[in-house]
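Everything below concerns the one structure shown next.
For clarity, every value in this text was computed on a predicted model and none was experimentally measured. Letters A, B, ... are given to chains in the order of the sequence lines, protein chains preceding strands, and every chain is numbered from 1.
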Amino acid sequence: MATGTTVRWIVRTFSELCLTIGSLIVLFVVYVLFWTGVRADSAMDGELGRLQDRWSTGPVSAASPAPDDDKAQEPARPAYRDGEPFAVMYIPRFGRDWAKPVLEGTATGTLQKGLGHYARTARLGATGNFAVAGHRRTYGDPFKDFPRLRPGDPVVISDGTTWFTYRIDKRPYRTLPSDIGVIDPVPRASGYDGPGRYLTLTTCEPEWGHSHRLIAWAHLDATSPVAEGRPAALRS
Amino acid sequence: MYGWIWRHLPGNTWVKALISLVLALAIVFLLFQYVFPWAEPLLPFNDVTVDQGMEAVR
């Protein structure tokens, strides 16, 4: 009698435990595959909205001369603040509507809200290497189609005053996570042989793994003031 | 475990069912809001940079 009750209790508790763990795993998969995307999309929309607000009201959009600012004839562009958005990236290859905010820094929390600019690399459009990291999977999958990048593809970035059109120079390059030379001012293995205005994009490889990284390099091809409208690369 | 909880919930069957539902939803909310955001960065999907933990090298 007593043994029967004990056995039944053990079997029941064990099955309940299995059910609980199974439900937890299913919920976690839903969270990773679906919920992070929902959260990231709304976070990215929020960052894009903040940029639009700042550009429409702040001093950045003051393309017209600001006579009251007399001491700074060539006003120093504002420093990027960690975790704050400062630009919008467009990659037509990833879709006509593909537009993501670029935030300063590559901290985990920053990359959940958009693309992250490696803090110690060059500024947008400057000589050197403007390096940006983004999620390939989860958190809105911004770089999901990364392997489809081909030489000649435009990567257009706006900082509110200027459109910077970069052109991809090589098919995505696969490397190891420790290969920090790929974001050097003259990136290692990129084929560039001298200083220039470069762009580096990094994401994870394989798609769901972390054993490697996928790298794409581009050079600055053209710039145009925002006032002149969208650049040719985005109009087609 | 679940039987024990069920037996300790107050009220008749309908009240128990309602409380169970609320409890389940509360647990799902806690998981999505606090537990999963903590656990997810421990998985490899976040490693998209080439210099993680290598700041000191530079």
Per-residue tally against chain B (heavy atom, under 4.5 Å) across Thr36(A), Ile215(A), Thr20(A) peaks at Thr20(A)
When the 4.5 angstrom heavy-atom criterion is applied to Leu27(A) and chain B, the contacting part is both
By residue number, those in residues 9-36 of chain B with heavy atoms under 4.5 Å from heavy atoms of chain A are Val28(B), Leu31(B), Phe32(B), Gln33(B), Phe36(B)
For this session: Determine whether more than 12 heavy atoms belonging to other residues, nucleotides or ligands lie under 6.0 Å from atom CZ of Phe34(A).
Result: no
**Study point:** More than 12 heavy atoms from other groups under 6.0 Å of CZ on Arg150(A)
**Key:** yes
Distance col, row Thr49(B):OG1 vs His210(A):NE2, nearest 0.5 angstrom, shows 12.5 Å
For Arg81(A), does the CZ atom have more than 12 heavy-atom neighbours from other residues, nucleotides or ligands under 6.0 Å away? no
OG1 (Thr13(A)) and OH (Tyr2(B)) are apart, to the nearest 0.5 Å, by 11.0 Å
Max heavy-atom pairs within cutoff under 4.5 Å with chain B, candidates Tyr118(A), Trp35(A), Trp9(A), goes to Tyr118(A)
Closest heavy-atom pair, Glu40(B) versus Phe28(A), reported as atoms and distance to 0.1 Å, is CA-CZ, 4.1 Å
